[in-house]
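Below is one structure, written out as structure tokens; comments come after it.
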Amino acid sequence: MAYRDMLYPLMRSLGVFRLDGSTVVDMELASYQRVLEEAGQAIDQLLRRLFIATADEAALAKWERLLAIPFRPGAGIAARRALILARLAATATAATPDGIAAALRGGGLEARITERFGEQALDIQCLGFLGDLGDIQDVKDYAERMLPVHLLWNFDHGSLTWTVFEGMFATWSAFDAADYLFIDLDTM
């Protein structure tokens with residue numbers, strides 16, 4: 001919206017200014033208009049890039065580089081935003097199961113954490129990836145940086161066997177019709 005279109009109705013509503021193009025106030029507003037519109041455009045651009053929810057492709061790419069998120073050519077905007085937000089919410093000091101689950105979400109993984117106290121270990125059951133961003137090795141590499149170093153951990157990301165596969169799809173046609181990616185099958 002142009003500066004004039006935004007400001008003039010507000011000033012007219014005060015009932016003090018005539019604003020018909022012939023007053024000193026009109027001339028003063030016109031002199032400010034170009035500078036204020038440029039400042040407004042710069043602020044709009046900053047807000048679009050600063051906030052992840054409104055960031056464009058270029059701004060998301062900068063956030064991803066900043067947070068060491070690997071580039072994924074097929075990832076949608078919503079999935080990229082979700083991963084950036086999760087990565088920003090993750091802290092390396094969250095040593096509770098919920099905190100560790102939040103940290104793993106920052107790596108792109110939805111997981112259930114089970115503690116084995118006597119063995120000082122964690123079982124990490126992979127429930128799925130955030131959007132289409134899943135690569136289990138990237139998640140494991142990220143987890144190594146985020147998980148408490150004094151604990152052992154075991155990833156359970158399931159296994160796709162022929163028995164499981166045949167139980168899911170009676171025929172190859174049914175498999176083709178389901179239109180799954182292999183990453184989808186890995187997390188079922």
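Only a predicted model underlies this, so the values are computations on that prediction, with no experimental measurement involved.
- When every heavy atom of Arg49 is checked against every heavy atom of Trp63, the shortest pair comes out as O-NE1, 3.4 Å.
- Using a 4.5 Å heavy-atom cutoff, the side chains of Leu109 and Phe155 are in contact.
- Hydrophobic clustering of Ile, Leu, Val, Met, Phe, Trp and Tyr side chains at less than 4.5 Å, counting indirect connections, keeps Phe51 apart from Leu88.
- Of the possible donor and acceptor atoms, one in the side chain of Thr54 sits under 3.5 Å from a partner among the backbone N and O of Leu47.
- Side-chain contact between Ile69 and Ile84 is present, with heavy atoms from C-beta onward closer than 4.5 Å.
- Side chain of Asp26 to backbone of Gly21: a donor-acceptor contact under 3.5 angstrom is found.
- The same ILVMFWY cluster, assembled from side-chain heavy atoms under 4.5 Å apart, contains both Leu66 and Leu85.
- Inter-residue side-chain proximity for Ile124 and Asn154 is flagged as unmet; no heavy-atom pair is nearer than 4.5 Å.
- Residues Glu115 and Leu122 have side chains in contact (heavy-atom distance under 4.5 Å, counting atoms from C-beta outward).
- Heavy-atom minimum distance, Leu104 versus Ala111: CD1-CB, 4.1 Å.
- Heavy-atom minimum distance, Leu19 versus Arg12: O-NH2, 3.0 Å.
- The closest side-chain heavy-atom distance from Leu60 to Ile77 is below 4.5 Å.
- No more than 12 heavy atoms of other residues, nucleotides or ligands sit less than 6.0 Å from atom CZ of Arg112.
- Around CD of Gln120, the count of heavy atoms belonging to other residues, nucleotides or ligands within 6.0 Å does not exceed 12.
- The CD1 atom of Ile52 sits 10.0 Å away from atom CG of Leu83, with the distance rounded to the nearest 0.5 Å.
- Of the possible polar contacts, one joining the Arg81 side chain to the Ala55 backbone as a donor-acceptor pair under 3.5 Å is found.
- A single hydrophobic cluster is not seen to contain both Leu10 and Leu14; linkage of ILVMFWY side chains at heavy-atom distances under 4.5 Å, directly or through other members, places them apart.
- Side-chain contact between Arg116 and Asp123 is present, with heavy atoms from C-beta onward closer than 4.5 Å.
- Neither Leu36 nor Met27 shares a network with the other; the hydrophobic side chains, linked directly or stepwise wherever heavy atoms of I, L, V, M, F, W or Y lie under 4.5 Å apart, form separate groups for each.
- Minimum heavy-atom separation, Ala86 to Arg105: CB-O, 3.3 Å.
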